[in-house]
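Values reported hereafter were calculated over all heavy atoms of this structure, with side chains retained and with hydrogens, waters and symmetry mates removed. Computed from a predicted model, the values in this text were never measured in an experiment. Letters A, B, ... mirror the listed sequences (proteins, then strands); counts begin at 1.
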Amino acid sequence: MTALYALEGIRKSRGPVFSLAIPALELMEGGIHALSGANGSGKSTLLSLLAFLDRPTEGRLRFAGETVSWNTRSLARLRRQVTLLHQSPWLFRGSVFENVAWGLALRGVNGGTRRTRVFEALEAVGLSGFEKRDAQSLSGGEAQRTAMARAIALEPRVLLLDEPYSGVDRAAVETAESLIASMPARGTTVLLTTHDTAQLARPGGNIIRLAEGKVVSAKGAPSCAVV
Amino acid sequence: MDFLTDSVRAALVLILALDPDIASAALTSLQVAACSILLAAIPAIPVGLAVGLLDFPGRRAAVLALNSLMAVPTVLVGLLVYMVISRRGPLGGLDLLFTPSAIVLGGILLAGPIVATLVMNAAEGADRRIIPTAMTLGAGPLRAGLKFAAEIRLGIVAALVAGFGRVLSEVGVAMMLGGNIRGYTRTMTTAIALETGKGEFGTGVGLGLILMTIALLVNILFNLVLQRSRP
């Protein structure tokens, strides 16, 4: 079985220091994978690589068997399969509806279907009725949920979540957890980061631990393995 | 005191009577300033965005060049363009000298660095998450750049207003390249210089009032746009 992601000799440097050094790591398709580690352990850097937003200084990254060539055309195609939800997401100027619909419009999803998917996504995150609200006037938690709706509306093959439970209240955490738990059934592989060990057990599945830019353990094979 | 009040009174009479010379100068000023800023914006906005967003070899030199170009005296711009478009210059065959097009050419060179620098500053000050967010939602570099520009549109509009004001209020380029030809290349600023030199302060003050009114209206318009864009 081909790994969804295969990292080989990946190193990412920030200036003279390597912030990420992963000799080999495979991530299989399906399920929910958790990436844990302290602040500065390289979680966000790894997510940026996996979202094809940043390229490694060294090494090879394969996605679904295809070696990522990092040229503009292939990156645009790959990015449409993977969506990263940042820890502190940016909402564009405009309404909540416009924000959630933006990625769908880029993909050429027609008006009626777009509208349906926006409404479904907002309902899934508990923001029904927020369509006309100005995105810049939302609270931190509402903004986080809007960004989540914007991501899931795209029905990506991979959803990368950077600290998805930060800044949201307990009730919203439960909504987010059940939503994340439902993603694999919709064909979306989820990889989320957290430094909260209590959160690791809840979504269930595989856990990759990072420390100082290195993978120190990966549990839950065969869907995730340090090779 | 009488001198001042007499000048203002004479100015108001000329404005209310829709003096054709004043109307022509005002219209020419608006036309060359509008054309200059529109044409300057085409290269200046992308350049400002690129310098503000991208890290490339020579970026610091580009920033320095843009900042320096903002301070170039208008007469120097006028002189350089004059040398290029005069009969003996490389573009002499185009017969541009002493036409509104020549003033527009100078206006582009004046406004371009201002627009590019202010857009660059707006891009540098913008949130770093905009581009990655657009890209992870599926945008290519061009669409992400356009989305970024839309997010900082107020900064871009402010840059355009500043560039428009610079061209509208300058006198060196209009005088040297336009030649201050009545009813053709005479702008408000060159007319003010001419009328003041002749001792016709009423006309000069009248044109000055119109110039200030236009500047005020442009700023009011900008503030309305600003208020509408804020949540």
Side-chain angles (χ1 to χ4, degrees), chain A residues 44 47-54 71-96 98-109 133-138 143 146-147 149-162, chain B residues 45-46 48-60 118-161 221-231:
Chain A
S44 297
L47 283 193
S48 284
L49 295 182
L50 299 180
F52 314 114
L53 292 175
D54 205 0
N71 65 52
T72 306
R73 182 171 292 185
S74 73
L75 283 177
R77 181 173 46 79
L78 291 171
R79 284 186 191 129
R80 292 200 175 190
Q81 300 179 61
V82 180
T83 303
L84 168 62
L85 176 58
H86 292 93
Q87 181 178 358
S88 175
W90 174 263
L91 294 182
F92 299 127
R93 289 180 192 276
S95 68
V96 167
E98 287 166 343
N99 265 274
V100 181
W102 196 73
L104 294 168
L106 280 181
R107 285 160 176 75
V109 176
R133 287 274 294 272
D134 190 303
Q136 304 293 319
S137 69
L138 299 176
T146 301
R150 186 171 63 180
I152 64 169
L154 301 175
E155 298 172 0
R157 186 172 179 180
V158 182
L159 181 59
L160 305 169
L161 304 167
D162 197 358
Chain B
I45 293 174
L49 289 173
V51 178
L53 280 174
L54 305 177
D55 196 12
F56 55 88
R59 183 183 176 275
R60 290 178 72 172
L118 295 181
V119 169
M120 176 190 75
N121 291 341
E124 282 178 335
D127 199 290
R128 294 282 120 185
R129 294 170 294 176
I130 299 172
I131 295 277
T133 299
M135 285 189 152
T136 198
L137 292 173
L142 180 63
R143 291 300 295 266
L146 289 173
K147 190 65 179 169
F148 182 85
E151 291 293 296
I152 63 159
R153 58 185 177 269
L154 292 178
I156 292 175
V157 172
L160 294 174
V161 169
L221 196 66
F222 172 62
N223 277 292
L224 284 175
V225 171
L226 200 69
Q227 280 173 5
R228 281 178 64 104
S229 297
R230 281 184 180 146

Identify which part of A:Pro156 has an atom lying under 4.5 Å from any heavy atom of chain B, answering side chain, backbone, both or neither.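 The answer is neither part of A:Pro156.
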Contact class of A:Leu91 relative to chain B, heavy atoms under 4.5 angstrom: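 For A:Leu91, backbone heavy atoms alone lie under 4.5 Å from chain B.
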Test side-chain contact (heavy atoms from CB on, under 4.5 Å) on B:Leu54 and B:Arg59; report intermediate values, then the result. CA-CA 8 Å; B:Leu54 305 177; B:Arg59 183 183 176 275; over 6 Å; no
Any side-chain heavy atom of [X] within less than 4.5 Å of one from [Y]?
| X | Y | result |
| --- | --- | --- |
| A:Leu47 | A:Leu49 | no |
| B:Met135 | A:Phe52 | no |
| A:Arg150 | B:Thr133 | yes |
| B:Phe56 | B:Val51 | yes |

Taking all atoms of both residues into account, what is the closest heavy-atom pair of B:Thr136 and A:Leu53, and its distance?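 Looking at all heavy atoms of both residues, the shortest contact is N-CD2, 4.0 Å.
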Counting a contact as any heavy-atom pair under 4.5 Å apart, which residues of residues 80-88 of chain A contact chain B? A:Arg80, A:Val82, A:Thr83, A:Leu84, A:His86, A:Ser88
Within residues 119-131 of chain B, the residues sitting under 4.5 Å from chain A by heavy atom, in sequence order, are B:Asp127, B:Arg129, B:Ile130
Among residues at least two apart in sequence or on other chains, which ones pass salt bridge (Lys or Arg N to Asp or Glu O under 4.0 Å) with A:Asp162?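 A:Asp162 satisfies salt bridge (Lys or Arg N to Asp or Glu O under 4.0 Å) with no residue once adjacent residues are dropped.
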Under 3.5 Å, which donor-acceptor pairs do the side chains of residues 138-145 of chain B form with other protein atoms, sequence neighbours left out?
none

Hey, what do you get for CG (A:Asn99) to CZ (A:Arg133), rounding to the nearest 0.5 Å?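 Answer for the CG-CZ pair, A:Asn99 versus A:Arg133, is 13.0 Å.
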side-chain contact (heavy atoms from CB on, under 4.5 Å) between B:Ile152 and B:Leu49, intermediate numbers included: CA-CA 10 Å; B:Ile152 63 159; B:Leu49 289 173; 3.7 Å; yes
